[in-house]
Trainee: 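Encoded as structure tokens, here's the structure I'll be asking about.
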Amino acid sequence: MTERVLITGAGMVTAAGVGVEANLRTLMGGEGAAFAPARYLHTSLTIPVAEVPLDNNELTARCGLQPSEAHSRTYLLALLAAQEALDSAHISAAQAGKLGLVAATTGAGIEVIEACYDTLDQHLAAIPNFSSSNLTDSLARYFGITHPVTTISTACSSSANALQVAARLIRHGRASRLLVGGMDGLSRFSLNGFNSIEIVSPTGCRPFDASHNGVTLGEGAAFLVLESEQAAQERGAEVWGELSGYANRNEAYHPTSSRPDGAGAAETIRAALAQAGMQPDGVDCINAHGTGTVVNDQSEGNAIVSTLGSGVPVTSTKGFTGHTLAACGAVEAIYSLLSIRHGVIFGNNRVLQPMPEVSLSLPLHTYTASVSTVLSNSFGFGGSNTVLIFTKA
Amino acid sequence: MPAYIQSTSMISPQDTCGEDSLEQPRHEVCQHLLCVDPDYKALIPPARLRRMSRILKMGLAGSSLCIQRSPVKPDAVIVGTGLSCVTDLERFMRSCDDEHEQMLSPTPFINSSHNSVAGQIAMANQITGYNNTHFHGVSSLESALVDALMLLDEGDSRCVLVGGVDEYSQMKFDVFSRVGWWRQQPVDNLELLHTRGEGSIMGEGAAFFALSGQPSGTDLAQLVDVTSSLCTDDADEALQRICAFLERQGIALEDVDVIVDGRNGDEPSDAVYEAVEALWDARTGERRPDVVAYKHLCGEYLTASGFGLWLSVRLLHGQHLPACAVVRRSGRSQWRNVLFYNCFRSSVDKCCVCNYTESMALLREV
């Protein structure tokens with residue numbers, strides 16, 4: 001169980017760009033997605049969101065599919081990201097049959113169901129979107145993937161947990177190569193849900209800023225190819241980095257809130273460091289969960305200071321993408337790997353005045369630095385805390 | 001490394017929270033079966049109970065019973081659920097329409113989070129270790145069990161609580177009626193496997209298992225391994241897969257004493273089980289296994305395999321086959337190895353709702 005788990009490919013679609021390169025350009029440039037009322041989602045709410053700048057027809061065309069109400073926006077985003085991940089790993093269609101798939105979603109295909117719920121008899125093709133596994137199974141069918149295949153759903157930590165499960169499947173010899181990621185399109189359900197809890201920012205999220213007042217919901221999909229070291233070596237794969245540590249813990253505190261003192265998140269960070277066999281001073285920078293709610297930012301800030309100190313650079317990239325829910329763990333895993341590959345620490349593009357409650361090192365602009373290790377936090381409803389550690393391979 | 005099953009609980013359409021419920025199985029002429037409710041007030045604080053949907057009650061009560069019975073307190077929770085809190089999801093979706101997206105109550109949204117059962121169990125029992133939810137249709141519980149086996153093997157947990165939970169809802173019944181999953185006419189559930197027809201009857205349930213990596217001395221059975229993959233309709237290939245799975249555990253077809261299979265009354269699908277078992281018999285001759293079925297007792301739902309696994313544990317621990325579950329007896333007087341074998345498919349599915357999955361688990365007498 002000491003098998004190294006390597007990342008050999010990645011693909012993503014977010015409001016910050018379609019494709020990894022486009023996302024990198026956005027993060028390097030420092031300008032995030034425009035937060036504005038939804039253009040493609042049917043809703044009366046005018047709060048700002050971070051939409052992928054393509055409508056469903058454009059997404060369908062990019063995927064090379066025929067239009068069908070069987071295809072949710074979430075599926076189209078996922079297909080684009082997964083295809084890019086396999087292409088970047090140089091895995092052919094013939095080789096895909098030997099892959100496994102661990103995917104994550106919170107909404108599955110709800111955006112299709114909510115649009116035709118009262119007239120399902122006329123929309124039989126939409127019905128598979130009720131099935132939790134339909135999205136993942138559809139991806140598996142598309143790429144010819146057979147086993148193992150599963151879907152994780154732990155709210156906003158979903159794809160971080162998918163990455164962790166995938167790494168463990170490899171270390172236990174239950175798989176040698178896996179496509180892993182998360183996907184969530186914007187839905188009226190999720191937008192109204194977060195709005196009903198009163199944690200949506202009316203002005204656009206500003207994680208860790210003194211004026212932080214809530215999340216901005218985003219959408220997207222991100223997939224990575226994980227391989228055992230042996231599998232990667234056998235085919236001479238280019239290695240992006242290593243998933244060298246992980247931990248999953250539960251706060252057992254509140255259905256939607258974190259402990260204000262950050263004790264639950266801190267315990268998870270310590271467990272991930274221990275699992276990686278690493279000391280706190282080995283972490284070069286942190287990709288924070290950083291949603292922009294007062295509760296998250298203070299709780300997470302406290303957790304970081306108590307475990308890693310206040311000197312390590314902390315970035316929330318949700319200022320670029322909005323909160324992509326189940327996808328965010330995988331989106332931010334890719335950003336962490338980009339930090340390592342390109343030797344950069346991304347700036348907090350939405351911070352004007354750092355929040356005064358916790359003293360964190362918050363870079364305002366992207367800068368070059370030697371980065372060997374990035375720690376990435378993902379926290380979700382239900383007390384779900386997950387921490388991943390990526391290192392230079 | 002096998003897991004040692006410390007305790008189980010089963011909330012189901014049978015009175016499985018009682019002492020010896022399957023000797024007089026409940027039956028009714030129906031298209032769906034609902035669970036026999038335990039005394040929820042005795043298991044969940046009333047203030048919390050009021051805000052809970054059916055699946056949350058079943059999940060909290062089932063987990064509480066399983067934890068009470070386990071000699072080792074679980075320090076991790078893994079839940080498998082096919083459609084999770086669909087009633088709350090529907091309620092919130094409706095309220096968006098009815099209230100024009102204004103002034104919505106957040107409770108159904110919060111409860112509809114797919115990991116809310118696992119999160120609520122952690123909160124109610126202050127379990128702060130690993131917590132995960134597998135949300136993968138018909139193999140949700142099996143994926144959760146694989147996760148648990150890995151966790152125990154890693155030594156990251158002394159005892160993992162694993163659950164498979166799904167609730168009945170009218171919406172689910174109607175939606176999957178449209179794709180042909182259910183019988184068109186009501187049928188006596190105890191006659192389901194003997195009446196010709198397409199589709200099954202819908203059920204619901206909450207099965208929980210406390211699994212430990214080390215024996216406690218009061219273990220109910222061993223869970224040796226679990227696997228799932230895409231279904232095959234080819235009986236030869238299916239038997240080959242079974243042989244390969246058993247071989248990895250170091251045993252042969254002849255060593256299996258009982259098959260607990262997932263036939264559900266959908267005649268074309270059940271024919272595949274019968275074809276596989278006929279080939280199995282041809283290979284093993286007089287050493288053919290007993291065959292047990294369970295979905296006529298609990299109905300079909302995405303984590304119905306929980307009932308089958310609970311029945312497998314009960315069978316091994318009590319060394320007794322309840323008559324209502326027996327498909328055939330082969331004259332064995334002792335049962336050591338149980339192969340749980342489930343193939344979820346619907347012969348009349350018009351929409352290809354999900355990839356049809358087969359799963360296998362090997363359970364062994366302690």
Trainee: For A/F381, which atoms come within 4.5 Å of any heavy atom of chain B: side chain, backbone, both, or neither?
Mentor: both
Trainee: Which value, rounded to the nearest 0.5 Å, describes the distance between B/T128 atom OG1 and A/N385 atom CG?
Mentor: 10.5 Å
Trainee: Can you name the nearest heavy-atom pair linking A/S384 to B/N115, along with the distance?
Mentor: CB-ND2, 4.1 Å
Trainee: Walk me through whether A/T105 and B/H114 qualify under side chain to side chain contact (heavy atoms under 4.5 Å, CB included).
Mentor: CA-CA 9 Å; A/T105 182; B/H114 302 307; over 6 Å; no
Trainee: Quick check for you: to the nearest 0.5 Å, what is the distance between A/L169 atom CG and B/S143 atom OG?
Mentor: 9.0 Å
Trainee: Name the region of A/S187, side chain, backbone, both or neither, that has any atom closer than 4.5 Å to a heavy atom of chain B.
Mentor: neither
Trainee: Give the interface residues of residues 85-96 of chain B toward chain A, defined by a heavy-atom separation under 4.5 Å.
Mentor: B/L89, B/E90, B/F92, B/M93, B/R94, B/C96
Trainee: What part of B/T107 is in contact with chain A, defined as an atom under 4.5 angstrom from a non-hydrogen atom: side chain, backbone, both or neither?
Mentor: neither
Trainee: Of the backbone (N, CA, C, O) and the side chain (C-beta and beyond), which part of B/D225 lies under 4.5 Å from a heavy atom of chain A, both, or neither?
Mentor: side chain
Trainee: Should we count CD of B/Q170 as having more than 12 external heavy atoms under 6.0 Å?
Mentor: yes
Trainee: Say you draw a straight line from CD1 of A/I152 to NE2 of B/H134; how long is it, rounded to the nearest 0.5 Å?
Mentor: 4.0 Å
Trainee: Does a salt bridge link B/D147 with A/R174, judged by any charged N lying under 4.0 Å from a carboxylate O?
Mentor: no
Trainee: With side chain to side chain contact (heavy atoms under 4.5 Å, CB included) as the criterion, how do B/E142 and A/T150 come out once you've worked through the C-alpha distance, each side chain's angles and the decisive distance to 0.1 Å?
Mentor: CA-CA 10 Å; B/E142 288 82 345; A/T150 192; over 6 Å; no
Trainee: Using heavy-atom distances under 4.5 Å, tell me whether B/I127 contacts chain A through its side chain, its backbone, both, or neither.
Mentor: backbone
Trainee: Please look at A/L191 and chain B and tell me whether the side chain, the backbone, both or neither of the residue comes under 4.5 angstrom of a heavy atom of that chain.
Mentor: neither
Trainee: Pull out the residues in residues 156-166 of chain A that come under 4.5 Å of chain B, heavy atom to heavy atom, sorted by number.
Mentor: A/N161, A/Q164, A/V165
Trainee: Please report the shortest heavy-atom distance between A/N250 and B/A122, naming the atom on each side.
Mentor: OD1-CB, 3.4 Å
Trainee: Contact part of A/P255 toward chain B, heavy-atom cut-off under 4.5 Å: side chain, backbone, both or neither?
Mentor: both
Trainee: Do the side chains of A/V149 and B/T357 get nearer than 4.5 Å, heavy atoms only?
Mentor: no
Trainee: Taking every heavy-atom pair that is under 4.5 Å apart, which of A/G383, A/A155, A/S44, A/A104 has the most such pairs with chain B?
Mentor: A/S44
Trainee: For a 4.5 angstrom cut-off between non-hydrogen side-chain atoms, does B/N131 reach A/T154?
Mentor: no
Trainee: Which bit of A/T146 is near chain B, if near means a heavy-atom gap under 4.5 Å: side chain, backbone, both or neither?
Mentor: both
Trainee: Is the number of heavy atoms from other residues, nucleotides or ligands within 6.0 Å of CD (B/Q249) greater than 12?
Mentor: yes
Trainee: Below 4.0 angstrom, N of the basic side chain to O of the carboxylate: do A/R188 and B/D97 qualify?
Mentor: yes
Trainee: Check whether more than 12 heavy atoms from other residues, nucleotides or ligands sit under 6.0 Å from atom CZ of B/R48, and answer yes or no.
Mentor: yes
Trainee: So do A/H147 and B/T227 actually touch side chain to side chain, heavy atoms under 4.5 Å?
Mentor: yes
Trainee: Rounded to the nearest 0.5 Å, what separation is found between the OG1 atom of A/T386 and the OH atom of B/Y130?
Mentor: 8.0 Å
Trainee: Considering only heavy atoms and a distance below 4.5 Å, find which of A/L45, A/T268, A/N248 pairs most often with chain B.
Mentor: A/N248
Trainee: Provide the closest heavy-atom pair for A/A252 versus B/Q126 in the form atom of the first, atom of the second, distance.
Mentor: O-NE2, 2.8 Å
Trainee: Under 4.5 Å from any heavy atom of chain B, what part of A/T256 do you find: side chain, backbone, both or neither?
Mentor: side chain
Trainee: Can you measure from CZ (B/F109) to CZ (A/F194) and round to the nearest 0.5 angstrom?
Mentor: 4.5 Å
Trainee: How close do B/E154 and A/H172 get, counting heavy atoms only, and between which atoms?
Mentor: OE2-NE2, 2.8 Å
Trainee: At a heavy-atom separation under 4.5 Å, does A/E114 approach chain B through its side chain, its backbone, both, or neither?
Mentor: both
Trainee: Are the side chains of B/E99 and A/N192 in contact, using a 4.5 Å heavy-atom criterion?
Mentor: no
Trainee: If you measure from NE2 on A/H254 to CE on B/M123, what distance do you get to the nearest 0.5 Å?
Mentor: 7.0 Å
Trainee: I'd like to verify something: which residue of B/V146, B/V117, B/N111 has the highest number of heavy-atom pairs under 4.5 Å with chain A?
Mentor: B/V146
Trainee: Does any part of the side chain of B/E101, heavy atoms only, come nearer than 4.5 Å to the side chain of A/N195, both counted from C-beta?
Mentor: no
